[in-house]
Amino acid sequence: MEFKLEAHRIVSISLGKIYNSRGQRGGIKLHKNLLVSLVLRSARQVYLSDPCPGLYLAGSPAPPQPGEPAAGGGGPAGCQALGASPLKKPRRHLEEQPAGAAAEEEEEMETGNVANLISIFGSSFSGLLRKSPGGGREEAEGEESGPEAAEPGQICCDKAVLRDMNPWSTAIVAF
Amino acid sequence: MVPFHFIQTWYQIIQEQVKKKGDWFQNTSLEITLTLMATLQSDIISTVEFNHSGELLATGDKGGRVVIFQQEQENKIQSHSRGEYNVYSTFQSHEPEFDYLKSLEIEEKINKIRWLPQKNAAQFLLSTNDKTIKLWKISERDKRPEGYNLKEEDGRYRDPTTVTTLRVPVFRPMDLMVEASPRRIFANAHTYHINSISINSDYETYLSADDLRINLWHLEITDRSFNIVDIKPANMEELTEVITAAEFHPNSCNTFVYSSSKGTIRLCDMRASALCDRHSKLFEEPEDPSNRSFFSEIISSISDVKFSHSGRYMMTRDYLSVKIWDLNMENRPVETYQVHEYLRSKLCSLYENDCIFDKFECCWNGSDSVVMTGSYNNFFRMFDRNTKRDITLEASRENNKPRTVLKPRKVCASGKRKKDEISVDSLDFNKKILHTAWHPKENIIAVATTNNLYIFQDKVN
């Protein structure tokens, strides 16, 4: 249980860092945000692979998703161990997603703290990294397959439970 | 913008001694002379670099300024004491810019300075911010022409009708003036933030590296550069690593290395192909699974890579350690030195306060026998490769009484704290030494804390 809390705390901190990086002078630092996204990914996997019931606002337990990489061994030792390697290519996750999740969607975590951050970010995840809503992207390079906008304020939904890390990687595209 | 000015400047030579059992630098007992130079209060020092002779020391700061110090020529009478460093030249290298297309401000902070070897009376250096590299010429002027016919001494033009005699202007001595002028501006070649520049041993070309690409330039040509490394994935979502540092080999003009955020170093040979995406060698140490944590990736990211002067070894700095690699062995480093292992249990807090992203640099001494790097609490560490001894010293103004013994410092990781030890929890993480430099020939080191530059030199007996 405490592993989940720790992982959740790290996810919140990481989201905050990504959010704050928007306003930094000199533009978004690609290196730092990549590292933060890797931590985010690790924390997320720990959070989801912990067998304890999660902290769900809506109260419904997360259904286990097929294709989700299995956590290595039993419960990971919090900060000190991880399940599956966080460096897997996100593309593979996408293919293993259950049907009905064709487009990438916003990563959602069912905890109040994170929900607040998400509602701050606005409806679209890529809004995270735009300097102003609908404004130009910082260093936009190539195509960004932007995540589909979820309803503002939507914080808990069954189908979004085990979304893969693609949306976080998508953040990098906005660089 | 805070205008640049020296709050305090003092030129004080303070003899310090570091008492160490046994010998340190090649059988001479180590005595450290602390010379405190200008205190730059207004801006954060972002880079420090000695030139090839060691006579000049350049610093760059967050405000885009470069300050160059010059070593006094050795006094023949007092040959036991080396010359101190005085301010030689100050100039504004980069200004803040605005990229209108991307609505981005470009910081004027100087990321790196690299000196060119001296070819004539003038000195040349490259300085770079996130986007633009500039070649600066620093030249001395100690004479000026006097006695013009058509101009007054103050420059006003004379009425030609008042000229009744002619004279030949002559050069007369004047107070030394050091001028810096930008000779080349290498711009618009980097989409991402430049982290490294490195001058080739051919002294004609140099490389510049950003997060995803490395470009090769010719010092004379500013309107084009060659891209020699490109690790940008076709789909940015698949990005897993970035380039963190790059350097040319000191002797082989076709060889360079670049380090990544994943803790790997790639050595590339420019003769192999135009685009060096395939490395000639890949240096990587397998990860210790017992040390795995959320932050393993961050702390394995390499923040600096430096070739030894000999060219046989290279040194990398990651968050907790310094590693020495033999270029002939790719699967693991030949030496590993722990800089501040006591921080391994604090990684979560260091992640929260962003300290885990600090990029420490490292440097070799002239003979490649000692390496140095910085840490927190204004501590810096030296590792002697031969004796395997290490020492922790502190750059602070408290220890600047004459003849004070500069005590080696020790951090107490856990348990009972001995007298004079500092516990990990009382370390000041705002006081960090990221940039250090070692004189190429002598035991003189430059250590930059956040706002101050310390120059230490050992005394020759």
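Each chain gets a letter, A, B and so on, in the order its sequence line appears, and its residues count up from 1.
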Of all of B/D354, B/I106, B/D130, which one pairs up most often with chain A through heavy atoms under 4.5 Å apart? B/D354
Heavy atoms only: give me the nearest B/G63-B/Q92 pair and the separation to one decimal. O-NE2, 2.7 Å
Looking at B/I356, B/L347, B/D211, which has the largest count of heavy-atom pairs under 4.5 Å with chain A? B/D211
Report which part of B/F98 has an atom under 4.5 Å of a heavy atom belonging to chain A: side chain, backbone, both, or neither. neither
For B/K109, enumerate each residue passing the salt bridge (Lys or Arg N to Asp or Glu O under 4.0 Å) test, keeping only those at least two apart in sequence or located in another chain. none
What verdict does the side chain to side chain contact (heavy atoms under 4.5 Å, CB included) test give for B/R266 and B/I231, after you've listed the backbone C-alpha separation in whole Å, the side-chain angles of each residue and the deciding distance to 0.1 Å? CA-CA 12 Å; B/R266 286 172 175 79; B/I231 65 167; over 6 Å; no
Residues two or more places apart in sequence or in another chain: which of them pass ring-ring contact (aromatic ring centres under 6.0 Å, His included) with B/Y376? B/H340, B/F360, B/F429
Is B/E97 in contact with chain A via its backbone, its side chain, both, or neither, using a 4.5 Å heavy-atom distance? neither
